[in-house]
Amino acid sequence: MKNFDFMLTAFRDGFQSVYGARVFTDDFIPAVEASRDAGIRYFEAGGGARYQSLYFYCNEDAFDMMDRFREAAGPDANLQTLARGVNVVALDSQPADIIDLHAKMFKKHGMTTIRNFDALNDVHNLVDSAKSITDHGLKHQVCVTLMALPPGCTGAHDPDFYEKTLKDIIDSDLPFDSVCFKDASGTATPSVVYETIARARKMLPADAYIHYHTHDTAGTAVICNKAALEAGANAIDLSFAPCSGGTAQADVLTMWHALRHTDYKLDVDVDKIREVEEVFQDCMKDYFMPPEATKVEPIIPWCPMPGGALTANTQMLRDNGIMDKYPAIIKAMGDVVRKGGFGTSVTPVSQFYFQQAFNNVLFGPWEKISEPFGRMVLGYFGKTPVEPDAEVVKLASEQLELQPTTEPAVQRNNADPSKGVKAVTKQLKEEKLPVSDENIFIVASCGAKGVAFLKGEATTGVRKIEKEPETPPAPPPPPPAEEKGSYDVRVDGTVYHVEIDGGHVSVSGEEVFVETINAEMPRQPRKDPIRLLCQADGIVYQIKKDEDDPLKAGDTIMVLESLKMEMAVKCPRDGVLDDILVREGDTVRAGQVLAVVKPE
């Protein structure tokens, strides 16, 4: 029999894929202890979205969570976290000193291994983090990121491309202890997985440790895991219910069953595993589970999206009453991936794709370039696997007022006086907060939300099942009928999204004054206050202007975080900022009034 290892992902990627990474530590620690007692010694314990989400949504300290995870898992467990190359655990790229501090802090707080990837497979983006990880005594698992291109696309993401990426890693001399082939969208086909890992086994030393990671979103996790093992992989990733299958990893019990009567043995006590899953399901029984979370999505090959991103994005569409746009967004994804340079659909690139596809549906194809997607095609995150579409690059440059660049992200960040240990230390002192390595890293990686957490001003956004009252009140009488509607209107080639709710009308997020007038009456320009409305559920990340500030059309008043992306709220015309109705860190809903501007 051929034994192999598995890493239990339930408490990191499982949480991200099913619950958007929003889980309180107290709720899941009993399941970690039960897993330890069942003999599991290899856990995914943090990093990725599970780092920022604790500050953004749980009002918890990620470093405290790591300490508690180590205590629950035991001193000998291999605790692995996830890092995004030059971004480490942030959504934005970092300078070298913050990249080094990431490794130092994760080592201090009990982690063993860091799995490290770059969504563009740009090896230059892995060099600094690789050195820091190994310098601080952690094991470095370097990644080649996989996905299947949407049908009709060619040019990358095949065994030849992955072989070249691995060769670039080897030739770079960056230090690593193991190699992971990471498919966050679960779209790589079994044949490509087999051929890629078989080639890697020949390229690497005989004792090299090869790990394979996938999701079951397309329903192929079990067969792809088996293909990886047959090609020579040493380990795969598995999870526990309720965070298994669908957008998450295949379940331990499912994989055990699939390998019965074969040459491969999943060396676990199945009865103990069943008991652990009962404990885990009890731990999570109060959490709201989106219906997409654990189901197979047949159209995912046309829309390669990681499990956590798919669930978060459909929830956003549902919350905003625009789930009807989902099929069109899926259809638009293929064109966005094709023209965006074929970066792997994993955070943050997966969000770049979705946001741009969303814009293409809402405003018209390529009428509005989202800032992160535009910066990617302009080279600000590294080199894409193939050259992006030249016309899209031109549009991005014009709309964002940025020139294309080939300057490495770390080099650019090192020269940025607003980034790095020195800048964050100054910020902490100005906020009268303690200066420590942990606090420096929290603010560097989480920005204003990190500051809000340290000041005790963070809010929670964990979704649990709302229990109905024992005696529901009688429903109020229906209100008088008012005109309501949602329309997309094209004027001179530009699409405007119009919402009508009784006497309130908004156009692309800006409330406008509407009245019925006699056609012969003279029309006088109005200077009614402009109420700026929130266009999507999110959190107020940063407020850039103060009340009574003079404003020019296009000035950014505040920045929201939604869909794992930053969205600027801009002034539509010249005026004065009359009122700000939210604070940094506030959770906001679509349609909520954020600020009021007095036009000139």
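Scope of the values below: all heavy atoms of this structure, side chains included, with no hydrogens, waters or symmetry mates.
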Practice prompt. Could you walk me through whether Leu229 and Asn234 pass side-chain contact (heavy atoms from CB on, under 4.5 Å), step by step?
Written response: CA-CA 7 Å; Leu229 294 172; Asn234 303 92; over 6 Å; no

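- Closest approach of Pro150 and Val337 over heavy atoms only: CD-CG1, 4.0 Å.
- Put simply, the side chain of His124 does not reach to within 4.5 Å of the side chain of Pro408, judged on heavy atoms.
- Side chain of Asp128 to main chain of Ser132: no donor-acceptor pair is present (N/O by atom type, distance under 3.5 Å, no hydrogens or angles).
- Taking the side chain as every heavy atom from C-beta outward, Leu166 and Val179 approach each other to under 4.5 Å.
- Remark: the backbone N or O of Ala45 is not paired with any side-chain donor or acceptor of Arg50 at under 3.5 angstrom.
- Side-chain contact between Phe176 and Tyr209 is absent, with no heavy atoms from C-beta onward closer than 4.5 Å.
- Ring orientation note: the planes of Phe15 and Phe280 are tilted relative to one another, at an angle of 30° to 60°.
- The side-chain tip of Arg22 points at the ring of Tyr57 from less than 6.0 angstrom away and within 45° of straight on.
- Using a 4.5 Å heavy-atom threshold, the side chains of Met305 and Ile300 count as touching.
- Annotation: Phe342 is not in aromatic contact with Phe161 [ring centroid separation under 6.0 Å not met].
- Taking the charged nitrogens against the carboxylate oxygens, Lys167 and Glu163 have no contact shorter than 4.0 Å, which rules out a salt bridge.
- Look at Arg115 and Asp237 and you find a salt bridge, because one of the NZ, NE, NH1 or NH2 atoms lies within 4.0 Å of a carboxylate O, short of that distance.
- Taking the six-membered ring wherever Trp is involved, the centroid distance between the rings of Phe381 and Phe352 falls below 6.0 Å.
- If you check the side chains of Gln94 and His102, you find no donor sitting under 3.5 Å from an acceptor.
- Of the N and O atoms on the side chains of His215 and Asp13, at least one donor lies less than 3.5 Å from an acceptor on the other residue.
- Here Asp171 does not pair with Lys164 in a salt bridge; the nearest charged N to carboxylate O distance is not below 4.0 Å.
- Geometrically, Lys182 engages Phe117 in a cation-pi contact, judged by NZ or CZ lying under 6.0 Å from the ring centre and within 45° of the ring axis.
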Practice prompt. Mind running side-chain contact (heavy atoms from CB on, under 4.5 Å) on Cys446 and Phe453 for me, showing each step along the way?
Written response: CA-CA 9 Å; Cys446 298; Phe453 170 80; over 6 Å; no

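- Side-chain atoms of Ser350 never come within 3.5 Å of backbone atoms of Ser345 as a donor-acceptor pair (strictly under, hydrogens ignored).
- Using a 4.5 Å cut-off on side-chain heavy atoms (C-beta onward), Glu44 and Leu82 make contact.
- Note that CD1 of Ile133 and NZ of Lys104 are 16.0 Å apart. Values are rounded to the nearest 0.5 Å.
- The side-chain contact (heavy atoms from CB on, under 4.5 Å) with Asp335 is formed by just one residue from the set Lys339, Lys331, Met333; it is Lys339.
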Requested in this report: Just do the side-chain contact (heavy atoms from CB on, under 4.5 Å) check on Leu146 and His213 with the steps written out, would you?
Outcome: CA-CA 9 Å; Leu146 318 182; His213 168 93; over 6 Å; no

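- Closest heavy-atom contact between Leu101 and Asp437: CD2-O, 3.6 Å.
- Looking only at atom types and distance, the side chain of Thr112 has a donor-acceptor partner in the side chain of Arg70 under 3.5 Å away.
- Each of Asp177, Thr113, Asp135, Asn116 was checked for a side-chain hydrogen bond (donor to acceptor under 3.5 Å, both in side chains) with His140, and the lone residue meeting it is Asn116.
- Formation of a donor-acceptor pair under 3.5 Å by the Tyr55 side chain with backbone atoms of Ala62 is found in this model.
- With Arg201 contributing its side chain and Ala208 its backbone, the two residues share a donor-acceptor pair below 3.5 Å.
- Judged by distance alone, the side chains of Asp5 and His211 never bring a donor and an acceptor atom under 3.5 Å apart.
- Here Phe181 and Tyr212 keep their ring centres 6.0 angstrom or further from each other.
- The two residues Val192 and Tyr162 have their closest heavy-atom pair at CG1-CE1, 4.0 Å.
- Taking the six-membered ring where tryptophan is involved, the planes of Phe28 and Phe11 are essentially parallel, since the angle between them stays under 30° and well short of 60°.
- With hydrogens and angles disregarded, a donor-acceptor distance shorter than 3.5 Å links the side chain of Ser436 to the backbone of Asn439.
- Of all the heavy atoms in Thr189 and Cys224, the pair that sits closest is C-SG, 4.1 Å.
- Using a 4.5 Å cut-off on side-chain heavy atoms (C-beta onward), Phe43 and Ser35 make contact.
- Applying side-chain contact (heavy atoms from CB on, under 4.5 Å) to Ile40 and the options Ile273, Val268, Val32 leaves one that passes, Ile273.
- Rounding to the nearest 0.5 Å gives a distance of 10.5 Å between CE of Met7 and CG of Leu79.
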Pair Thr145, Asn121 - check side chain to side chain donor-acceptor pair (under 3.5 Å), show working.
CA-CA 7 Å; Thr145 56; Asn121 280 312; 3.0 Å; yes

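- With ring centers used as reference points, Phe441 lies under 6.0 Å from Tyr51.
- Residue-environment remark: CD (Gln281) exceeds the threshold of 12 foreign heavy atoms within 6.0 Å.
- For the pair Asp183 (side chain) and Ala188 (backbone), a donor-acceptor distance under 3.5 Å is present.
- Geometric assessment of Lys449 against the ring of Phe56 yields a positive cation-pi assignment under the 6.0 Å and 45° thresholds.
- A donor-acceptor pair under 3.5 Å is absent between the side-chain atoms of Thr344 and the main chain of Val346, judged by distance alone.
- A 4.5 Å side-chain heavy-atom check between Arg41 and Asn78 finds every atom pair outside the cut-off.
- In Ile223, the CD1 atom is not crowded: 12 or fewer heavy atoms of neighbouring residues, nucleotides or ligands sit closer than 6.0 Å.
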Practice prompt. Quick one: do Thr460 and Asn59 satisfy side chain to side chain donor-acceptor pair (under 3.5 Å)? Show the steps, please.
Written response: CA-CA 6 Å; Thr460 58; Asn59 195 16; over 6 Å; no

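- Contact of the Ile210 side chain with the Leu204 side chain is registered, since non-hydrogen atoms from C-beta on lie closer than 4.5 Å.
- Proximity of a side-chain donor or acceptor of Glu297 to a complementary backbone N or O of Ala218 within less than 3.5 Å is not detected.
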*asked:* Could you go through Cys283 and Asp27, starting from their C-alpha distance and side-chain angles, then the distance that decides it, and tell me whether this counts as side-chain contact (heavy atoms from CB on, under 4.5 Å)?
replied: CA-CA 6 Å; Cys283 288; Asp27 291 341; 5.5 Å; no

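- For the pair Val279 and Ala31, the tightest heavy-atom approach, listed with the atom from each and the gap, is CG1-CA, 4.1 Å.
- A salt bridge is defined here as a Lys NZ or Arg NE, NH1 or NH2 lying under 4.0 Å from an Asp or Glu carboxylate O, and Arg199 with Glu195 meets this definition.
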### Task
Apply salt bridge (charged side-chain N to carboxylate O under 4.0 Å, His left out) to the pair Arg68 and Asp26, showing each step before the final yes or no.
CA-CA 9 Å; Arg68 293 186 63 188; Asp26 283 343; 2.6 Å; yes

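- Closest approach of Asp251 to Ser244, counting heavy atoms only: OD2-OG, 2.8 Å.
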Exercise. Run the side chain to side chain donor-acceptor pair (under 3.5 Å) check on Tyr194 and Glu230 step by step: do they pass?
Worked result: CA-CA 7 Å; Tyr194 179 89; Glu230 290 172 344; over 6 Å; no

